[in-house]
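Proteins come first, then strands; the chains are lettered A, B, ... in the order of their sequence lines, and each starts at number 1. Note that these values count all heavy atoms, side chains included, but never hydrogens, waters or copies made by symmetry. Nothing here was measured: the structure is a model prediction, and the numbers come from that model.
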Protein chains: 2
Amino acid sequence: MTARDSRGSLGRTGRRAGDSGTRDAILESARGQFADHGYDGATIRAIAAAAGVDPALVHHFYGSKERLFAAAMQFPLIPSETIRAALADESREPGEPLGSHMVRSALAAWESPGVREAFQGLLRSALTSERAAAMLREFVAETVLRSVASAAGGSDAGETAFRAALIASQMLGLALARYMLKFGPLAAASADELAAAIGPGIDRYLTGDLRDNGLA
Amino acid sequence: MTARDSRGSLGRTGRRAGDSGTRDAILESARGQFADHGYDGATIRAIAAAAGVDPALVHHFYGSKERLFAAAMQFPLIPSETIRAALADESREPGEPLGSHMVRSALAAWESPGVREAFQGLLRSALTSERAAAMLREFVAETVLRSVASAAGGSDAGETAFRAALIASQMLGLALARYMLKFGPLAAASADELAAAIGPGIDRYLTGDLRDNGLA
DNA sequence: GATTGAATTCAACAAGCGTAGAATTCAACA
DNA sequence: TGTTGAATTCTACGCTTGTTGAATTCAATC
């Protein structure tokens, strides 16, 4: 499954010079390594080894580790439109509350091949690298904030941002506990159980009264 | 403010040989560095420099970086009893819902001197080090699970663990977004606002029906 | 004041890191 | 077939890391 193997199996194909599949193989390998070990933990040498390639080649294609990270993590921004659409309206069963649907959509995205690695890499690195933290903030703004703005209660921009941040905090906490810290009960739960348990809270963040703390 | 300064200012005190304040100074410095940079990012040399001490001395006292980390992060386990008590019952104003009180207590703990560094160091390192992740899991079990068990609805142990994990995910997500990712709206919000916004969701996790997703 | 044992410093090792540039292979084209 | 330019490899630099052991300082005890 290395890049050299694939080149060998492809043999003399119609590719023009300067375009084997290696460049993409490196990017994919980088996503996996960043997802598993974070920015600092992932080494260029390990990325190259996983792609079956010389370490210097990584540098030749992407210039520096930081640029490679940016290129690898930019992956979710492409299907983010898909995510946003899924979060907002389409593909929602009639009568299903929006909060429940958002939880289900997020879980589906996090378990789909490319997005999973990019998102986990971003989250793993965000706590140690300010650059990664900024990228994650931007990603959240691109996805959560937009979809919240189209469905939120108050029209006040500040309040909408507050609601979106609350939703993001619950979603990130879920991803953190389920996929990275591997809290038993959350890791074992099904998407349906989690949607039923967490969805109503999301709905409250979306349209509920956030100033009523439930005092008797 | 280095250890040597303090020894100099203390002069010939009544301390017995082998007990300057250096050992504790190193531990405190380590907590700060681990909190700011995580396990991998914090270097023994930086820890020693911040304590005004030779790097080898760190090793002389604590043996290895891993043992130093364990010693520094064990700090929260001491006031964890305090935290648990605060989360459970005492110091709660009459009529204030438990969820709101838990949020307020957590915020207070995270902003108090020693706990803040230890907790953030644990959280920052948990995503890159499996050892730190295990320590964080244990810490959560020690604090959240116990206090939830004493107030949760169902007596089923599995369901109680599920409820506790949900609460932990929301709390960790809040800490993540507010203190580390620095989401504007959450970082700027007051403890009261956050308690009012998040508390009711915690109450639902504590005693609500988690199988009703709010379907119309 | 000599002794003792802990605290502290010094210098250095081995390993791993990101990065760089020269050398080489190789596929397409004239 | 020889040329060309990109892909790929080799070797190595400079730096930082955790760790180690020997040497040194220093406060308390006899």
Taking distance alone, no hydrogens or angles, what donor-acceptor pairs closer than 3.5 Å link side-chain atoms of residues 172-183 of chain A to residues at least two apart or in another chain?
{"residue": "Arg178(A)", "atom": "NH1", "partner": "Leu186(A)", "partner atom": "O", "Å": "2.8"}
{"residue": "Arg178(A)", "atom": "NH1", "partner": "Ala189(A)", "partner atom": "O", "Å": "2.9"}
{"residue": "Arg178(A)", "atom": "NH2", "partner": "Glu111(A)", "partner atom": "OE2", "Å": "3.1"}
{"residue": "Tyr179(A)", "atom": "OH", "partner": "Glu111(A)", "partner atom": "OE2", "Å": "2.7"}
{"residue": "Lys182(A)", "atom": "NZ", "partner": "Tyr179(A)", "partner atom": "O", "Å": "3.2"}

(request) Determine which pairs satisfy salt bridge (charged side-chain N to carboxylate O under 4.0 Å, His left out) with at least one residue from residues 121-134 of chain A, sequence neighbours left out, and list them in order. (result) Glu66(A)-Arg131(A), Glu130(A)-Arg137(A)
(request) Report yes or no: does Arg116(B) contribute a side-chain atom to a donor-acceptor pair with the main-chain N or O of Trp110(B) at less than 3.5 Å? (result) no
(request) Write down the distance between CG (Leu57(B)) and C1' (dA11(C)), rounded to a whole number of angstrom. (result) 16 Å
(request) Figure out the NE2/P separation between His60(A) and dT24(C), and round it to whole Å. (result) 17 Å
(request) Let me know the distance between CG of Leu68(B) and C1' of dT17(D), rounded to the nearest Å. (result) 15 Å
(request) Could you encode protein contacts along nucleotides 12-22 of chain C as a string, one character per nucleotide from 5' to 3', using B for base contact, S for sugar-phosphate-only contact and - for no contact, with a heavy-atom cut-off of under 4.0 Å? (result) B----BBSBB-
(message) Taking Watson-Crick (N1-N3 plus N6-O4 or O6-N4) and G-U wobble (N1-O2, O6-N3), each under 3.5 Å, can you produce the dot-bracket string of DNA chain C? Use [ ] for crossing pairs and | for inter-strand ones.
(response) ||||||||||||||||||||||||||||||
(message) Tell me the interatomic distance from Tyr62(B), atom OH, to dT20(D), atom P, rounded to whole angstroms.
(response) 17 Å
(request) Check side-chain hydrogen bond (donor to acceptor under 3.5 Å, both in side chains) between Ser169(B) and all other residues, then give those that pass, not counting sequence neighbours. (result) Gln170(A)
(request) Any pair with a residue in residues 42-51 of chain A that passes salt bridge (charged side-chain N to carboxylate O under 4.0 Å, His left out), sequence neighbours left out, goes on the list, sorted by first then second residue, please. (result) none
(message) Using a 4.0 Å cut-off on heavy atoms, which residues in residues 124-136 of chain A reach DNA chain D? List them by number, or say none.
(response) none
(message) Going by ring pair (Phe, Tyr, Trp, His ring centres under 6.0 Å), name the residues that satisfy it together with Tyr205(A), two or more places apart in sequence or in a different chain.
(response) none
(request) Indicate yes or no for a side-chain donor-acceptor contact from Ser125(A) to the backbone of Leu122(A) under 3.5 Å, with no hydrogens or angles considered. (result) no
Only pairs under 3.5 Å count here: list side-chain donor-acceptor contacts from residues 46-60 of chain B, not counting sequence neighbours, and write none if there are none.
{"residue": "Asp54(B)", "atom": "OD1", "partner": "Ala56(B)", "partner atom": "N", "Å": "2.8"}
{"residue": "His59(B)", "atom": "ND1", "partner": "Gly63(B)", "partner atom": "O", "Å": "3.2"}
{"residue": "His59(B)", "atom": "NE2", "partner": "Gly63(B)", "partner atom": "O", "Å": "2.7"}

(message) Checking the side chain of Arg163(A) only, and the main-chain atoms of Leu206(A) only, is there a donor and an acceptor separated by less than 3.5 Å?
(response) yes
(request) Sequence neighbours left out, what passes side-chain hydrogen bond (donor to acceptor under 3.5 Å, both in side chains) with Asp192(A)? Give chain and number order. (result) Arg104(A)
